[in-house]
Amino acid sequence: MKQNTLDGRRKEACQNRREADYITTSNSRINASTLEETLVHLTPEFPYLSDLCMVHALPGRLFPWHWHNEVELFYMRDGVLDYILPTGTHRFRQGEGGFVNAGVLHMTSCPQGCTCTQEEHIFHPSFVGGNQPSILLRRYVTPVLEHPGLDLFRLDPALPAHREMILLMKESHDCYLRKEEGYEFDVRERMTRLWRSLFALTKDLQTETQKRPHSDRIKAMMEFIASHYQEKLTLEEIASSAFISPRECCRCFQETLGQSPFSYLMDYRLRKACSLLEHTRLSVTQVGTACGFGSSSYFGQAFRESFGCSPRQYRSGRL
C-alpha cells in the first residue's frame, strides 16, 4: 500500500514537472522555454483551424508571448484588440483584420473596459502552397514568408481588396464550423484565393524595412527568462543572455515591450502560476515557490494586484 502511494506521488510530481514546461490554453500549448505554440486541433492531415478567441476573458486580459510555424489571419467581429510585437503595438477594432507571418513573436491584449471577439484562421503554409518542390510554394508562398518587413499586415475593410479577403475569412469559418461533406475543399479554396490576394498586395511593398535590432535580443532574453524564471534573477544575468549591458537591456525592454525586464519577469511568473493553478494539484504555496516567489504572502499580494483575486479564488473559479 505504501509503495502504491509513493508511486502515485512520483507520478504526480512527474506530471507537475511536465506541466511546468508549458503554458496551456484551451486550444494550444506554449513551450515555456522556446515560446513556441503548438495548436492542439491542427493536424498534418488537415493543417488548418478556425476559432473564436475572446482575449478579455483570459487571465490578465491577454494571450501571452508566443510564436508558431503556421501563419495567422484574423478578423475582429467586435471590440478592440492589441497585437504586440517586438517591433511595436498595433490596435485592431471591429471590422478590421490582419495577417501575422509564421515565426513572428507576438502577444495579444484587450484594453481595460473593452471586450473583443476575434475570428482566427491559422494554417501551415503547405495548406495553400503544398510541399517542396511545389512551384506554388516557391513562387507565391515563400516570398511572403521571407518578406523582411512583413511581420504583420493590416486589413482595412474600407479598401475593396481587403474587404474581399475578410469576406473569404468569414466564409471559410462558416464552412469549417458546419463541416459538411467536402468542406475541406471549400476551406482550402477560400484560403488559396485569400493568399493570392495577400501575395498581390504585398509583393510591391518596400522590402528595405528590416527587423529592428532589438528583435533578436529581446527574444533571447525572453527565452532566458522562460528557462530561469524559478530562480532569483539579476538584471546582469538577463542582459548577459543577449550579450548586452544592463542599461541596454532596460532600454531594449522599454522600447520593444513598454515595460522593464523585472515587470516582464513578474508577468511571466504570474502567467505560469495561472497555468499551474489550473492544470496541477500543487498547493498554492508550492505554486508560488515553483514560479520564483520568495514567500506565499508576496505571491498572494502580486497575484491579487494583477488579477483582482487570490490564487485560491482563481483556482476555485476554474473548477
Side-chain angles (χ1 to χ4, degrees), residues 23-30 35 37-42 48-68 70-102 104-123 151-159 162-177 187 190-191 194 198 256-259 263-264 267-268 270-271 274-275 278 305-309 314 317-318:
I23 297 172
T24 306
T25 70
S26 59
N27 293 319
S28 66
R29 304 183 84 191
I30 301 174
L35 302 182
E37 180 185 26
T38 302
L39 297 142
V40 176
H41 304 296
L42 195 148
Y48 166 94
L49 67 84
S50 183
D51 195 14
L52 296 182
C53 182
M54 288 167 279
V55 174
H56 63 273
L58 300 176
R61 305 174 63 85
L62 60 83
F63 193 91
W65 286 101
H66 65 285
W67 61 273
H68 36 72
E70 298 78 21
V71 297
E72 176 178 336
L73 284 149
F74 63 91
Y75 156 68
M76 292 297 299
R77 289 194 173 191
D78 63 66
V80 180
L81 186 66
D82 290 336
Y83 263 78
I84 305 167
L85 281 63
T87 52
T89 298
H90 309 263
R91 176 158 292 184
F92 293 84
R93 303 180 185 277
Q94 181 176 353
E96 296 179 326
F99 164 80
V100 180
N101 217 334
V104 172
L105 186 66
H106 61 285
M107 68 177 288
T108 53
S109 175
C110 183
Q112 286 292 336
C114 298
T115 60
C116 64
T117 303
Q118 175 198 30
E119 181 181 298
E120 291 183 310
H121 300 260
I122 301 177
F123 57 89
D151 285 354
L152 182 146
F153 184 77
R154 180 182 296 272
L155 296 177
D156 182 352
L159 302 175
H162 293 203
R163 188 165 59 248
E164 175 64 22
M165 293 170 70
I166 291 173
L167 178 60
L168 288 169
M169 273 191 254
K170 294 178 182 179
E171 292 177 356
S172 182
H173 181 76
D174 290 342
C175 292
Y176 186 75
L177 285 187
V187 168
R190 284 163 174 79
M191 287 297 104
L194 193 155
L198 179 68
T256 56
L257 307 185
Q259 61 184 153
S263 175
Y264 174 79
D267 287 348
Y268 188 87
L270 289 170
R271 178 65 49 179
C274 287
S275 181
E278 289 182 45
E305 288 178 357
S306 183
F307 301 118
C309 64
Y314 178 86
R318 294 279 164 167

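- Legend: residues meeting ring-ring contact (aromatic ring centres under 6.0 Å, His included) with H162, ordered by chain and number and at least two apart, are F153.
- Here the straight-line distance linking atom CG of L105 with atom CD1 of I84 works out to 11.0 Å at 0.5 Å rounding.
- Rounded to the nearest 0.5 Å, atoms CG (L198) and CG (L73) are 7.0 Å apart.
- R190 has its side chain within reach of C175: a pair of non-hydrogen atoms, C-beta onward, lies under 4.5 Å apart.
- One side chain, S50 or H173, offers a donor N or O that lies under 3.5 Å from an acceptor on the other.
- In this structure the side chain of L152 reaches within 4.5 angstrom of the side chain of F92, judged on heavy atoms.
- Between R154 and E96 there is a salt bridge, since a side-chain N of the basic residue sits under 4.0 Å from a carboxylate O of the acidic one.
- The aromatic rings of H66 and F63 sit perpendicular to each other, their planes meeting at more than 60°, with 30° as the lower class boundary.
- Of all heavy-atom pairs spanning C110 and L81, the tightest one is N-CD1, 4.1 Å.
- Nearest heavy atom pair, residue E120 against residue C53, reads OE1-CB, 3.9 Å.
- A centroid separation of less than 6.0 Å is found between the aromatic rings of Y176 and Y48.
- Looking at R271, its side chain never comes within 3.5 Å of a backbone N or O of W65 through a donor-acceptor pair.
- Taking CD from E70 and CD1 from I122, the interatomic distance works out to 7.5 Å, rounded to the nearest 0.5 Å.
- Here the CE-CZ distance, from M76 to R93, works out to 10.0 Å after rounding to the nearest 0.5 Å.
- Every residue two or more places apart in sequence or in another chain was checked for a ring-ring contact (aromatic ring centres under 6.0 Å, His included) with Y75, and none qualifies.
- Between the side chains of Q259 and D267, at least one donor N or O lies within less than 3.5 Å of an accepting N or O.
- In this structure, V71 and F99 have side chains that are in contact, with non-hydrogen atoms separated by less than 4.5 Å.
- Between H106 and Y83, the ring planes lie parallel to each other; the angle is under 30°, not in the 30° to 60° tilted range.
- Interatomic distance, CZ of R91 versus SG of C114, reported as 6.5 Å (0.5 Å rounding).
- Across all their heavy atoms, V80 and P111 have their closest contact at O-CD, 3.6 Å.
- A pairwise comparison of heavy atoms in P64 and L62 identifies N-CD1, 3.8 Å as the closest pair.
- Closest approach of V100 to V104, counting heavy atoms only: CG1-CB, 4.1 Å.
- One distance of note links CG of L194 with CD1 of I166; it measures 9.5 Å at 0.5 Å rounding.
- Looking only at side-chain heavy atoms (C-beta outward), M191 and H121 come within less than 4.5 Å of each other.
- Taking all atoms of both residues into account, the shortest heavy-atom contact from G113 to R61 is N-NH2, 3.9 Å.
- Using a 3.5 Å distance cut-off with no hydrogens or angles, the side chains of D78 and T117 do pair a donor with an acceptor.
- Partners of F307 under the ring-ring contact (aromatic ring centres under 6.0 Å, His included) rule, at least two apart in sequence or in another chain, are F303.
- Judged purely by atom type and a 3.5 angstrom limit, R29 has no side-chain atom pairing as donor or acceptor with the backbone of T38.
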